[in-house]
There are 2 protein chains.
Amino acid sequence: MATIQDVAKAAGVSAMTVSNVINGHPNVRPATRDRVLEAMDRLGYRVNVAARNLRKGRTGTIGLAVPEINRPYYGRLAASIIAAAARHGLRVSIEQTGARRENELAALSLSRNRLYDGLILSTVGMGPADVGALDVDHPVVILGERIFGGPVDHVAMPNEAASQAATRHLVERHCRRIAIVCGRLGGEADVSSLRHAGYLRALAAAGLPADPELVVTAESLTMREAARAVRQRMADGPGFDGVFCVTDTVAMGVLRALADAGVRVPDQVKVIGFDNVDESAYLVPSLSTVDPDHDLMADRAVGLLAARIDGGGPEREREEFAGPFRLVVRESTGG
Amino acid sequence: MATIQDVAKAAGVSAMTVSNVINGHPNVRPATRDRVLEAMDRLGYRVNVAARNLRKGRTGTIGLAVPEINRPYYGRLAASIIAAAARHGLRVSIEQTGARRENELAALSLSRNRLYDGLILSTVGMGPADVGALDVDHPVVILGERIFGGPVDHVAMPNEAASQAATRHLVERHCRRIAIVCGRLGGEADVSSLRHAGYLRALAAAGLPADPELVVTAESLTMREAARAVRQRMADGPGFDGVFCVTDTVAMGVLRALADAGVRVPDQVKVIGFDNVDESAYLVPSLSTVDPDHDLMADRAVGLLAARIDGGGPEREREEFAGPFRLVVRESTGG
DNA sequence: GCTGCCGTTTGTATCGATAAAAAGCTGCCA
DNA sequence: TGGCAGCTTTTTATCGATACAAACGGCAGC
């Protein structure tokens, strides 16, 4: 594989001149430039990125750590982030953490290896107790839930507000016994807890009691576990007329479980999700949901990260950005 | 940020000794090792991967180029590949090509930049005419469709065989006018053409005529376009009693379009897809499909690539591997 | 013809880690 | 005591690109 030296020799110039041509520096005589370009072409020269990275101290790659890329929500998020990063001239490398705390911490340390110029971390497993791990000397942006007081930039989902709006929508559609399907509660700042809080607030605002019977807890936020949890709860009749699902993926599992039990949606039970993944509009019945504007959040997250990378040193204050959201009403809540 | 030299100085040894400790070489006295480890810990030392890459001529990262990560099939594929790569100690960086030929070619050239040790390319836009572009001097594995005679390893979907099996299944369920929903035909080796060929073969084997009216062509293999194409075709009644959809994503669009038209699945029309993405089991009705064993294919693709990277030089013959598949019967074809 | 300036080109050092070879140490035996 | 084998450790050179400063060449002006 040809190096810059080979090209230099072939073109009868120094390596620096070749470098100058590659990087579009001014003050290279056109005739020289042409000679160099011709030599590069002839030798099939390609920049060695490792060498450039070493010299420049940058890799041009950011890391994206998500629980699992194979879930509509994270797929969608990743797509938005890859696109946003490309606009900043950055590539994206994806780590799967399996929502496990230790893997999320490992992702942080990879980025310390200078493999990435910065890291976008979608935390799920880490809790407030791990805030210390975030206190690193390289750019990190948390995307998703809320890490209290973490010393990093943070783009937050509008968890509580949007959950409240979703639940309120069920109230407005005359649901009176509204269930929530979520993951295990107890953490301070995970998706389930935050969205559960929004759900409770909506109930309170509507003067509805918060019946613990109506909290359906799945082992994990997957279709399988959501369906299983709902089936179990429905052993003796639904006992609810509305369901707020903490993600659209969960909602898909719930819709399936309801269908298995012969429960008609939206006639007998109304269902609303959270995320507005692409699939939601195409389900039968199509799924009402709240849409947190992924593109905007991705754009903001990458923007913050890029700013940190480009020298926005540690003296810059950390930023918090809470995304906007939009209620999307479809068939599953009666259109 | 501390370098290996800093650690060496702090531990009172040479840089090489530190390097030896890092890389777990034998012949480092335990006492020395401890001293080095302590210094590394104290200084918060992290390997500079760019420097190591330069020296070793490897990056430890492979590229995965897919049309769009935000589609269930590619998400699933990416998840499998990331997992398989991790087993080989490789990281995965994802490029989105948008199924566009020029982006697929660009992905090839990125890998030429030695950014990646190798590339797994899921071709969609490139055709047999671009075979020349694949003749590169670094490891590439094509995953997906068939590139005739490309000078690279190739893990192929069992496109024709599985499509034939899916269509045959519809025949066995007494469908007599079986439609196919696919993308534009005409290419020699794209998904749609190959799966269309399998569909035709099944019809021929069953002695059914191949009515061009039953070929529904979508602009792209998305839910939106599939739904649009089917709606258009159904303006004057369905005219078919079975549909083979070239992907599960397409099937989701089709199911939605049928629901909109008040057509009952599977009573009036039976539907089968291709891919067995996670969502398929949870749709209402759940989707029959063929499952190409993504994990196995991912494993094989990464395995081939890793072998090429580890010196399996260009003299090794290129390999072709056609994945197995499995028919998955669910509600959409009558259970 | 000489000076000085400006646009162009080149030499040298460097980023940080590591392969290969050389040099230091031990301890053991003759 | 000298010599040698076998671990340990260090020295030196290198991967390829680029920052920086120095050198070069041509030309206008005196």
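What's counted below: heavy atoms across the whole structure, side chains too, no hydrogens, waters or symmetry copies. Protein chains get the first letters and strands the later ones, always in sequence-line order, with residue 1 at the start of each.
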Interatomic distance where CZ belongs to B/Arg58 and P belongs to C/dG16 [whole Å]: 24 Å
Tell me, do B/Ile309 and B/Arg58 make a side-chain contact under 4.5 Å, heavy atoms counted? yes
Euclidean distance, atom NZ of residue A/Lys9 to atom C1' of C/dT10 [Å, nearest integer]: 15 Å
Answer yes when A/Arg87 and A/Asp299 have at least one side-chain N-carboxylate O distance shorter than 4.0 Å, and no when they do not. yes
For B/Arg29 and D/dC7, is the shortest distance between a side-chain N/O and OP1 or OP2 below 4.0 Å? no
Let's see if you can work this out: which of C/dT9, D/dT11, D/dC20 has an atom nearest to the side-chain heavy atoms of B/Met16? D/dT11
Interatomic distance where CG belongs to A/Asn20 and C1' belongs to C/dG7 [whole Å]: 13 Å
Is A/Thr17 near enough to C/dT8 that one of its side-chain N or O atoms lies under 4.0 angstrom from OP1 or OP2? no
Using whole Å, report how far CG of B/Asp34 lies from P of D/dT9. 12 Å
Considering every strand and a 4.0 Å limit on heavy-atom distances, what is the contact class for A/Asn27: base, sugar-phosphate, or nothing? base
Any salt bridge between A/Glu38 and A/Arg35, counting N to O under 4.0 Å? no
Rounding to an integer number of Å, can you tell me how far A/Asp6 CG sits from D/dA17 C1'? 13 Å
Between C/dT18, D/dA19, D/dA17, which nucleotide has the shortest distance from any of its atoms to the side chain of B/Ser19? C/dT18
Is the closest side-chain donor-acceptor distance between B/Ser80 and B/Asp295 under 3.5 Å? yes
Could you tell me how far apart A/His25 (NE2) and C/dT10 (C1') are, to the nearest whole angstrom? 15 Å
Regarding A/Val13, tell me which of base, sugar-phosphate or nothing describes its non-hydrogen contacts under 4.0 Å with the strands shown. sugar-phosphate
Does the side chain of A/Thr3 get closer than 4.0 angstrom to OP1 or OP2 of D/dG16 through an N or O atom? no
If we count only N and O atoms by modelled type, under 3.5 Å, do the side chains of A/Glu95 and A/Tyr116 hold a donor and an acceptor together? yes
Contacts of A/Ala50 and A/Lys56 projected onto DNA chain D by closest heavy atom; the upstream (5') one is A/Ala50
Of all the nucleotides listed (D/dA19, C/dA19, C/dA17), which has the minimum atom distance to the side chain of B/Gln5? C/dA17
Using a cut-off of less than 4.0 Å, is there contact between a side-chain N or O of A/Asn48 and OP1 or OP2 of D/dC15? no
How would you label the contact of B/Asn53 with the nucleic acid (heavy atoms, under 4.0 Å): base, sugar-phosphate, or nothing? nothing
Give a yes/no on whether any side-chain N or O of B/Arg52 is located under 4.0 angstrom from OP1 or OP2 of C/dT18. yes
Nearest-Å distance, CG (B/Leu54) to C1' (C/dA19)? 13 Å
In this structure, how many angstroms lie between the C1' atom of C/dA17 and the CG atom of B/Asn23, rounded? 9 Å
What about B/Arg55: does its side chain form a donor-acceptor pair under 3.5 Å with the base of D/dT14? yes
Using the side-chain contact (heavy atoms from CB on, under 4.5 Å) definition, which of the options A/Leu77, A/Val92, A/Leu64 pairs with A/Ile82? A/Val92
Check every strand shown and say whether B/Val18 touches a base, only sugar-phosphate, or nothing at a heavy-atom separation below 4.0 Å. nothing
